Engineer: 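I'd like to ask you about the structure that follows.
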Amino acid sequence: KIYFSYYNFSNTGLEIINLFSGIDDTTIISPIGSHHYQLGFVNLDGTEHLSYYNGTDTSGKLQYSTINLETGLWGATTVDESSTKTGLYSDIDLDSYGNPHISYFDSTNNKIKYAYYDSSSWVISDVATVGENSGYTSIVINSINRPNIAYHDSTTGDLMMAKWDGNSWTILAQDEGSAGLGTDISVDNTDMIFISYYDETTDDLEFVTTGYESPILTGNSYYHISGT
């Protein structure tokens, strides 16, 4: 099966298309206001999980939705509404227990933030203070259930990565001056981290192997240009 999550401008709603054997099935998840600022989506064993901004151009909150397999109904949970406009440019991943982890941008306080569900409640923390036009977050959980977050910092104009070591965040610039828009972060089976992203400076789609002194593929966290 192939899944697409998207924002429908016609009805200002969050929707999913499930494509199987050439037949598509569209599900309306929730109305989410006039603006969306990037959706996060992950599927585990046929169960979809989504993170998204619900609001307008001036105010809104971070929400999370998944389906109840017993009832077939979608539920919406407000994760963070602690500031006027938060939850922009979110992304989502699941840990080995199936718990969701979400990265996102708090536009009111100019912070990259991280929220995770600990099986009983949502835990929210600040990752980094950034410029007012930052965002484009992407999150991946490694084999020991620790988050790694890629994002754009508009203050420096850099692609950044935040890595949790169990006690604190290590913040690393991955491509200085690249803008680092449209990021997508992933890990392999050795927990080596990879980021693909759009470099607005050169109009290129680029790729980086991160956080290693001498990575096999790309040198010391430098990038490969792979087209536009």
Side-chain angles (χ1 to χ4, degrees), residues 3-18 25-44 47-69 71-95 98-141 147 149-152 154 162 181-185:
Y3 297 87
F4 302 90
S5 63
Y6 60 96
Y7 176 74
N8 188 329
F9 279 96
S10 299
N11 60 21
T12 62
L14 174 62
E15 299 184 2
I16 286 180
I17 289 180
N18 176 354
D25 179 32
T26 302
T27 302
I28 299 175
I29 309 304
S30 174
I32 59 172
S34 59
H35 289 68
H36 63 92
Y37 296 103
Q38 180 177 313
L39 308 173
F41 175 83
V42 65
N43 180 288
L44 177 65
T47 302
E48 301 92 354
H49 303 258
L50 297 103
S51 64
Y52 52 94
Y53 173 81
N54 188 347
T56 67
D57 189 36
T58 57
S59 65
K61 56 193 174 184
L62 174 67
Q63 290 195 301
Y64 161 77
S65 285
T66 191
I67 191 170
N68 185 314
L69 294 179
T71 64
L73 300 177
W74 284 85
T77 300
T78 296
V79 177
D80 189 359
E81 54 181 348
S82 61
S83 64
T84 302
K85 187 177 180 182
T86 190
L88 291 74
Y89 301 108
S90 74
D91 192 30
I92 187 170
D93 198 14
L94 305 179
D95 61 28
N99 290 324
H101 298 243
I102 301 174
S103 60
Y104 58 102
F105 176 52
D106 182 335
S107 177
T108 303
N109 297 303
N110 293 336
K111 292 183 181 295
I112 300 297
K113 299 183 76 172
Y114 164 63
Y116 72 94
Y117 191 70
D118 66 0
S119 298
S120 61
S121 61
W122 287 94
V123 180
I124 299 172
S125 60
D126 295 343
V127 176
T129 299
V130 291
E132 64 181 8
N133 295 311
S134 301
Y136 304 97
T137 79
S138 180
I139 188 171
V140 66
I141 306 301
I149 299 171
Y151 62 93
H152 163 63
S154 66
L181 309 181
T183 63
D184 188 27
I185 191 170

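Numbers here are sequence positions counted from 1. These numbers were taken from a predicted model, which means no experiment stands behind them.
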Engineer: Quick check: closest heavy atoms across S138 and I185, and the distance to 0.1 Å?
Structural biologist: OG-N, 2.9 Å
Engineer: Which pair of heavy atoms, one from I149 and one from I112, lies closest together, and at what distance?
Structural biologist: CG2-CG2, 4.5 Å
Engineer: If you look only at pairs with a residue in residues 98-107, which of them pass as a salt bridge (charged side-chain N to carboxylate O under 4.0 Å, His left out), with sequence neighbours excluded?
Structural biologist: D106-K113
Engineer: Locate the shortest heavy-atom distance separating S90 from L62; write the atom from each residue and the value.
Structural biologist: CB-CD1, 4.0 Å
Engineer: For a 4.5 angstrom cut-off between non-hydrogen side-chain atoms, does H152 reach T183?
Structural biologist: no
Engineer: Please answer whether the main-chain N or O of S103 pairs with a side-chain N or O of T137 as donor and acceptor at a distance below 3.5 Å.
Structural biologist: yes
Engineer: For Y53, what residues pass the ring pair (Phe, Tyr, Trp, His ring centres under 6.0 Å) criterion, not counting sequence neighbours?
Structural biologist: Y37
Engineer: Look up atom CD1 in I67 and atom OG1 in T47, then write down how far apart they are to the nearest 0.5 Å.
Structural biologist: 7.5 Å
Engineer: Might you point out which heavy atoms bring G40 and I92 nearest each other, and give the distance in Å?
Structural biologist: C-CG2, 3.5 Å
Engineer: Partners of K85 by salt bridge (charged side-chain N to carboxylate O under 4.0 Å, His left out), sequence neighbours excluded?
Structural biologist: D57
Engineer: Cut-off 3.5 Å, side chains only: do Y104 and D80 have a donor facing an acceptor?
Structural biologist: yes
Engineer: Just to verify, what does E132 make a side-chain contact (heavy atoms from CB on, under 4.5 Å) with, not counting sequence neighbours?
Structural biologist: N110
Engineer: Is the shortest side-chain heavy-atom distance between Y116 and P147 below 4.5 Å?
Structural biologist: no
Engineer: Which pairs with one or both residues in residues 26-42 pass salt bridge (charged side-chain N to carboxylate O under 4.0 Å, His left out), sequence neighbours excluded?
Structural biologist: none
Engineer: For a quick test of reading the model, state the closest non-hydrogen atom pair linking T84 to T58 and the distance between them.
Structural biologist: CG2-O, 3.7 Å
Engineer: Nearest 0.5 Å please: distance from the CG atom of D91 over to the CD1 atom of I102.
Structural biologist: 9.0 Å
Engineer: Looking at Q63, is its backbone amide N or carbonyl O close enough to the side chain of T78 to form a donor-acceptor pair, meaning the two atoms are under 3.5 Å apart?
Structural biologist: no
Engineer: Is it the case that the side chain of S65 and the backbone of G75 share a donor-acceptor pair, with hydrogens and angles ignored and the cut-off at 3.5 Å?
Structural biologist: yes
Engineer: Counting only N and O atoms by type, is there a donor-acceptor contact under 3.5 Å from the side chain of S134 to the main-chain atoms of S154?
Structural biologist: yes
Engineer: Enter the distance from N99:CG to D118:CG here, rounded to the nearest 0.5 Å.
Structural biologist: 7.5 Å
Engineer: Tell me, please, which residues at least two apart from Y117 pass ring pair (Phe, Tyr, Trp, His ring centres under 6.0 Å).
Structural biologist: W122
Engineer: Which heavy atom of I124 sits nearest a heavy atom of V79, and at what distance?
Structural biologist: CD1-O, 3.2 Å
Engineer: Parallel, tilted or perpendicular: which one describes the rings of Y89 and F105, with boundaries at 30° and 60°?
Structural biologist: tilted
